[in-house]
Structure formats: C-alpha cells, structure tokens
Number of protein chains: 2
Amino acid sequence: MNIGQAARRSGVSAKTIRYYEEIGLIPAAVRTGAGYRDYGEAEIETLRFIQRARSLGFSVKDVGGLLALWRDRSRASADVRRIARDHVLAVEQKIAELEGMRRTLVALIDRCHGDDRPDCPILDGLSDSCCH
Amino acid sequence: MNIGQAARRSGVSAKTIRYYEEIGLIPAAVRTGAGYRDYGEAEIETLRFIQRARSLGFSVKDVGGLLALWRDRSRASADVRRIARDHVLAVEQKIAELEGMRRTLVALIDRCHGDDRPDCPILDGLSDSCCH
DNA sequence: TATGAAGCTTCCGGTCGCTGGAAGGTCAAG
DNA sequence: CTTGACCTTCCAGCGACCGGAAGCTTCATA
C-alpha cells in the first residue's frame, strides 16, 4: 500500500508519516522497486495507535515510549499507567492555567462596554498590575 | 536603564526583549554610546503591558494589535473587546479539547490495574478505535 | 502509444515564541 | 590592572509538523 492510502487509512498525513520515519518513531518503510514506501496492515495498526495517542495529547516522545511498551509483551502495565497518569496531570495543569486566563479575560470583557468610545477596562487591566 | 534591569522590572527576559524588538513588536531601543540599549519608564510600562497580555494567552500578533489600540487615544473599545472575545472563545475551545482528552485518559487509567502484569486497558484502548 | 494527471521521492524553508550558546566589547569594583 | 558581570551580535535548536519546488513513476484515457 502506498503512503497516500496508508495516510487515508490511518488518519496520519503522508507528510507526517515521513516525518515519523525520519525522527525514528516508526522504522523505515519497505520500498518498492521504484523507491515508493510500501505499507501493510501491521504498519497501519501502528500508525493508528500513534494517531490515537497523539489525539489524547501525548507528546511524540511519550508515544515512542507507549509504542515500545505496546510491542513488549512482557511489559508491566504499571509502566503504561505511569506515563498516562503523568500526562493526565500535565493536562489538568494546562486546563487550570487556561481557566485562570479565561476567568481574568471574562472579568475584563464584562467591564468593557465595547462601543466606539476609547475608554476600555481591558486595556486598563493590561496596564495596571491586574493579574498575578 | 540597561536591558537587564528592564527585564527584571518588566518580567520579560532580556533575550525576549531583544526578540520583540527584532520582530517589530516594540520599536528599536535608544542606544548608549557603547551601543547598549537604554530603557526609560515608558518602555518598562510597554513591556509590562506585553507581559500581562502574553500571560493571558494572547498571541504575539494579538499583542501587537492590542498595543496599537493602547497607544491610539481615539480607539473604539469595541475593537479591543472583539480581540479579547475572540481570544476567550479560542481559550474555551482549547479547554474543551483538553477536558475531552482528560475524560478519555481517566477512563482508561481507571480500568488499568497498574501492576507488573502486561495486560493493559490503556494500550488496548489505543489499539482499538476507542476515541472519536 | 502518447499524454496528462495524480501520485510518489527528496530537500529546504517556514511556522510560533522563544532559549541557549559562542565570540567578543564594556563597565564598575577592588 | 584584573576580574567578573554586564552588554552586543549571530547562529542554531526546540516540537510537531506543513508547504512547495524539482523531479520520478504509474495509470487511465484518447
């Protein structure tokens, strides 16, 4: 199967598949006589795994770790769990950070009448030491 | 005032101040005889404004827009409000995305016993079409 | 069989918002 | 006069790709 079809079937773009190969996340694909990359079902499975892990926000590096554990039949599920728990903590921290921003922004926006007059509590808030 | 002190007083690192100058977010600083950048209170104010806007998650480009409005005494507060509202929407979207990830991750982690055995619902979940 | 479109290849550069480091000039204290 | 803490410029790299150019290959159609 060509890279284009592999891309369609895995949800990972052809560009990105090449990139993953280049950085060593996936092994170099087998080539056809003409030099085209050739993929089978196993590779599609791997790409799908990667796609799902990425869509859950795991870094490419973490995905590398998960892939290694996925392939290792004698893995300890605790190792997988640790990676996932660390990641969930990072996600929660990011959410908290964004909610802090959101709160401050909404508070500023609520106080701004938002018409053609120049006085603006949003800009005032950014001028004073409003936040943190 | 040297760039180092300006950095300390504004909360923007010296490296970053130079970077902001380079990309045109702030005008080129006045130089001393020796070629050192020289900052006054007005510049510190500007840097603080930038620092706060960045800490609320505005892109550097948006900060440029906000700075222009900040300096424009005949601005319409509606213009500021629009930038802020657009940004808050983007922040909310990002939060929703992260919460979706968090939900899925927590569900997977809860099902994983996390010991030295190899069977692991987290990896299974990443293999199947679990999400989306 | 020719031709043209669609696919593949590599390589290079850009994105965003910085950060680190090398090589060198300047300044104030001891 | 030296030392160390500044400052300067320039270049490279991070993460996770995307876009595009130049040049193959493959396949369907005229």
Side-chain angles (χ1 to χ4, degrees), chain A residues 1-26 28-40 43-44 46-47 49-67 83 86-87 90-91 94 97-98 101, chain B residues 1-26 28-40 43 46-47 49-67 86-87 90-91 94 97-98 101:
Chain A
M1 179 184 344
N2 278 348
I3 199 170
Q5 204 184 340
R8 257 165 271 132
R9 293 200 39 208
S10 66
V12 179
S13 79
K15 275 277 191 199
T16 301
I17 296 174
R18 284 189 208 105
Y19 169 71
Y20 287 162
E21 183 182 314
E22 189 189 321
I23 62 169
L25 181 64
I26 51 177
V30 171
R31 301 293 182 122
T32 66
Y36 282 22
R37 287 174 181 83
D38 191 23
Y39 299 93
E43 283 75 29
I44 302 301
T46 302
L47 287 169
F49 179 97
I50 293 171
Q51 199 279 321
R52 285 186 203 116
R54 291 286 301 129
S55 82
L56 288 177
F58 286 102
S59 70
V60 167
K61 199 182 161 203
D62 276 353
V63 175
L66 290 170
L67 263 180
I83 294 176
D86 285 356
H87 177 51
V91 168
K94 189 76 196 167
E97 197 182 314
L98 288 170
M101 290 179 189
Chain B
M1 183 184 341
N2 278 346
I3 199 170
Q5 205 184 341
R8 255 165 272 134
R9 291 199 43 209
S10 66
V12 179
S13 79
K15 275 279 190 196
T16 301
I17 296 173
R18 284 188 207 105
Y19 169 71
Y20 287 162
E21 184 182 312
E22 190 189 320
I23 62 169
L25 181 64
I26 51 176
V30 173
R31 301 294 182 124
T32 66
Y36 284 21
R37 286 173 181 83
D38 192 22
Y39 299 93
E43 283 76 28
T46 302
L47 287 169
F49 179 97
I50 293 172
Q51 198 279 320
R52 286 187 202 114
R54 291 287 298 131
S55 81
L56 289 177
F58 287 102
S59 70
V60 166
K61 198 180 163 205
D62 275 354
V63 175
L66 290 170
L67 263 180
D86 286 355
H87 178 50
V91 167
K94 189 77 197 165
E97 197 181 315
L98 288 170
M101 290 178 190

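So that the names make sense, note that chain A is the first sequence line, chain B the second, and so on, each numbered from 1. Keep in mind that this is a model prediction, so the values were computed, not measured.
Put simply, CD1 on I23(B) is 8 Å from P on dG17(C), counting in whole angstrom units. In this structure, OH of Y20(B) is placed 14 Å from P of dC16(C), rounded to the nearest angstrom. A straight line from CZ of R54(B) to C1' of dG17(C) spans 6 Å, rounded to a whole angstrom. As rounded to whole Å, 14 Å separates atom C1' of dC12(C) from atom CZ of R18(A). Atoms CD1 (I17(A)) and P (dT10(C)) sit 13 Å apart, rounded to a whole Å.
With sequence neighbours excluded, the residues satisfying side-chain contact (heavy atoms from CB on, under 4.5 Å) with E43(A) are Y39(A). Every salt bridge (Lys or Arg N to Asp or Glu O under 4.0 Å) that E21(B) has, sequence neighbours left out, goes to R31(B), R37(B). The salt bridge (Lys or Arg N to Asp or Glu O under 4.0 Å) search around K94(B) returns E97(B), not counting sequence neighbours. Under the rule for a side chain to side chain donor-acceptor pair (under 3.5 Å), the partners of S13(A) that lie at least two apart in sequence or sit in another chain are T16(A). Residues passing the salt bridge (Lys or Arg N to Asp or Glu O under 4.0 Å) test with K61(A): none are found, sequence neighbours excluded. For F49(A), the ring pair (Phe, Tyr, Trp, His ring centres under 6.0 Å) partners two or more places apart in sequence, or in a different chain, are W70(A).
Take the nearest nucleotide of DNA chain C for V60(B) and for Q5(A): the residue whose nucleotide is more 5' is Q5(A). Annotation: of the two residues near DNA chain C, K61(B) and I3(A), the 5′-most nearest-nucleotide partner is I3(A).
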Report all side-chain donor-acceptor pairs from residues 1-9 of chain B shorter than 3.5 Å, counting only partners two or more places apart or in another chain.
{"from": "R9(B)", "atom 1": "NH1", "to": "E41(B)", "atom 2": "OE2", "distance (Å)": "2.9"}
{"from": "R9(B)", "atom 1": "NH2", "to": "E41(B)", "atom 2": "OE1", "distance (Å)": "2.9"}
{"from": "R9(B)", "atom 1": "NH2", "to": "E41(B)", "atom 2": "OE2", "distance (Å)": "3.4"}

Original post:
Could you write nucleotides 22-29 of chain C as a row of B, S and -, 5' to 3', where a protein heavy atom under 4.0 Å of any base atom gives B, of only sugar-phosphate atoms gives S, and otherwise -?
Top reply: ---BBS--
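Mapping heavy-atom proximity under 4.0 Å, the span of DNA chain D touched by chain A runs 5' to 3' from dA16(D) to dT26(D).
Remark: side-chain polar atoms of H87(A) are not paired, donor with acceptor, to backbone N or O of D62(A) under 3.5 angstrom.
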